[in-house]
There are 2 protein chains.
Amino acid sequence: MASIEIGQPLTARGKATRARIVEAATELVRAHGVANTSLDAVLAASDTSKSQLYHYFADKDDLVLAVIQRQTECVLATHESHLRKLHSLAGLRRWRDAVVELSRQTDCAGGCPLGSLVSELAESPRPRELLAESFARWEALLVAGFRAIQVRSGTSRDCDLTELATVVLAALQGGLLLAQTTRSTRALELALDMAIDRVEAQLA
Amino acid sequence: MASIEIGQPLTARGKATRARIVEAATELVRAHGVANTSLDAVLAASDTSKSQLYHYFADKDDLVLAVIQRQTECVLATHESHLRKLHSLAGLRRWRDAVVELSRQTDCAGGCPLGSLVSELAESPRPRELLAESFARWEALLVAGFRAIQVRSGTSRDCDLTELATVVLAALQGGLLLAQTTRSTRALELALDMAIDRVEAQLA
DNA sequence: CTAAAAGTGGACTAATCAGTCCAGTCATAG
DNA sequence: CTATGACTGGACTGATTAGTCCACTTTTAG
């Protein structure tokens, strides 16, 4: 009732405050999970107050929805920058290397920010829908990349690019989960290599 | 200090009480996650009292360790019963079907009980180690199955069965995560099919 | 200028949580 | 039988939590 609905006015200052809250919440959730992130911690990290938070969000669940959306934009932006210029299998393997390197840089901690949200929120309808959309957009990015490879190589063999994108994403998520558990990028490398070999076999 | 250490006496009644607590906690954690499972809820579900819980466990973290171990035994027992009698690729595909069917029966909810624990506990050293051991045992089960297939088929081609087990497990985990998000077994089926095709290519 | 609305600060509440404590019951070894 | 220790019931505490409320300041529209 006290929360911002669609179309409600928002001054520049208001927008900035809201953004500060979402940014701080996203960072805390990525580091500690939804359940282990208290609103008080968000307020402290964003230098705001209770009344501000409840001015812009109906409740914690509402804030979590905003966090999912922001995290989605962050993750997709990272991959989009790599996948946009994709036009060969070698480029896909460079993407693989970048993903592995990113995981290595954080010592394999945290896993995928979106994947982690799934196991915590997948039983709540609205968050689950949002995450499903995020993965769909991620797959679309991969499909676009595959198509670019196909176009460049000339051989437009008939195969389901969407299915390929799904298995690549599954390999990525599964690989990251095992990497997070073992604190080694080995499983991630093997899983992505398998998936990319599959792409090569289907595409070429 | 008040908890049960290794070697401490445990009567039959005590063992039963401890088991009841772990069983209830495991079920609640599987359904709602560690952070969303309160000790009071565990007590209510197991029909025990605070003093009993703290008689057998040092604190909540200690109970969580027991939950990880019990959940590991449950999951591995399920897969062991399928993988033990493995001696052909057809058998491996039947295992795939069983995994898919199991996911379908719960409407893809919950994902893998061990995988879900990872994203919630992977940043705590001891739980993470335990989960890493669980996955290592799971991979060993797969390796044993692959070896049985290799022996039966006669062709003992030289390939790294451990790597194969890792990618199959990664495909399973990633597939389950996407299945949980989309509420469809499609991603799980595709990911497992890809991994098993890989096994076939490497093994035969 | 001025009034209405947007935005803010922080005290407060009620519920829930992990963990403590102690008085007691039960089982069993000697 | 009896004493020791395993086992149990549940009240209690202090900390933390999400969420409420109201007085106040700042911005904006007319």
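Chain letters run A, B, ... following the sequence lines, proteins first and then strands; every chain starts at 1.
Following rounding to the nearest Å, Arg13(A) (CZ) and dT25(D) (P) show an atom-to-atom distance of 13 Å. Atoms OH (Tyr54(B)) and P (dG10(D)) sit 18 Å apart, rounded to a whole Å. The NZ atom of Lys15(B) sits 15 Å away from the C1' atom of dA27(C) (whole-angstrom rounding). Atom NE2 in His55(B) sits about 9 Å away from atom C1' in dT8(D), given to the nearest Å. The distance between atom CZ of Arg18(A) and atom P of dT8(C), rounded to the nearest whole Å, is 13 Å. With rounding to whole Å, Phe57(B) atom CZ is found 15 Å from dA18(C) atom C1'. The NZ-P distance, from Lys60(A) to dG19(D), rounds to 8 Å in whole Å. Rounding to whole angstrom units, CG of residue Leu63(B) and P of dG19(C) are separated by 10 Å.
The nucleotide whose nearest atom lies closest to any side-chain atom of Tyr56(A) is, among dG7(C), dG19(D), dG19(C), dG7(C).
Under 3.5 Å, the side chains of Thr166(B) and Glu139(B) contain a donor-acceptor pair of N or O atoms.
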- Tell me, with the steps shown, if Ser184(A) and Thr182(A) meet side chain to side chain donor-acceptor pair (under 3.5 Å). CA-CA 5 Å; Ser184(A) 153; Thr182(A) 60; 4.6 Å; no
- I would like to know whether Ser134(A) and Gln71(A) meet side chain to side chain contact (heavy atoms under 4.5 Å, CB included); could you show each step before the answer? CA-CA 9 Å; Ser134(A) 303; Gln71(A) 194 62 270; over 6 Å; no
Using a cut-off of under 3.5 Å, enumerate the N/O to N/O pairs linking the protein to nucleotides 9-11 of chain C.
{"unit_1": "dG9(C)", "atom_1": "OP2", "unit_2": "Gln52(A)", "atom_2": "OE1", "d": "2.6"}
{"unit_1": "dG9(C)", "atom_1": "N7", "unit_2": "Ser49(A)", "atom_2": "OG", "d": "3.4"}
{"unit_1": "dG9(C)", "atom_1": "N7", "unit_2": "Ser51(A)", "atom_2": "OG", "d": "2.2"}
{"unit_1": "dG9(C)", "atom_1": "O6", "unit_2": "Ser51(A)", "atom_2": "OG", "d": "3.1"}
{"unit_1": "dG10(C)", "atom_1": "O6", "unit_2": "Ser51(A)", "atom_2": "N", "d": "3.1"}

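Checked against side chain to side chain contact (heavy atoms under 4.5 Å, CB included), Ala148(B) has no partners two or more places apart in sequence or in another chain. For Glu23(A), there are no salt bridge (charged side-chain N to carboxylate O under 4.0 Å, His left out) partners two or more places apart in sequence or in a different chain. In this structure, the salt bridge (charged side-chain N to carboxylate O under 4.0 Å, His left out) partners of Arg84(B), at least two apart in sequence or on a different chain, are Glu80(B).
A sub-4.0 Å separation between OP1 or OP2 of dT8(C) and a side-chain N or O of Thr17(A) is present.
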Sequence neighbours left out, cut at 3.5 Å: what donor-acceptor pairs do the side chains of residues 100-110 of chain A make with other protein atoms?
{"unit_1": "Thr106(A)", "atom_1": "OG1", "unit_2": "Ser103(A)", "atom_2": "O", "d": "3.1"}

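The stretch residues 25-39 of chain A comes close to DNA chain D through Thr37(A), Ser38(A), Leu39(A), each having a heavy atom under 4.0 Å from the strand.
With hydrogens and angles disregarded, a donor-acceptor distance shorter than 3.5 Å links the side chain of Lys60(A) to the backbone of Val34(A). A donor-acceptor pair is defined here as one N or O able to donate and one able to accept, closer than 3.5 Å; no such pair exists between the side chain of Gln180(B) and the backbone of Ser119(A).
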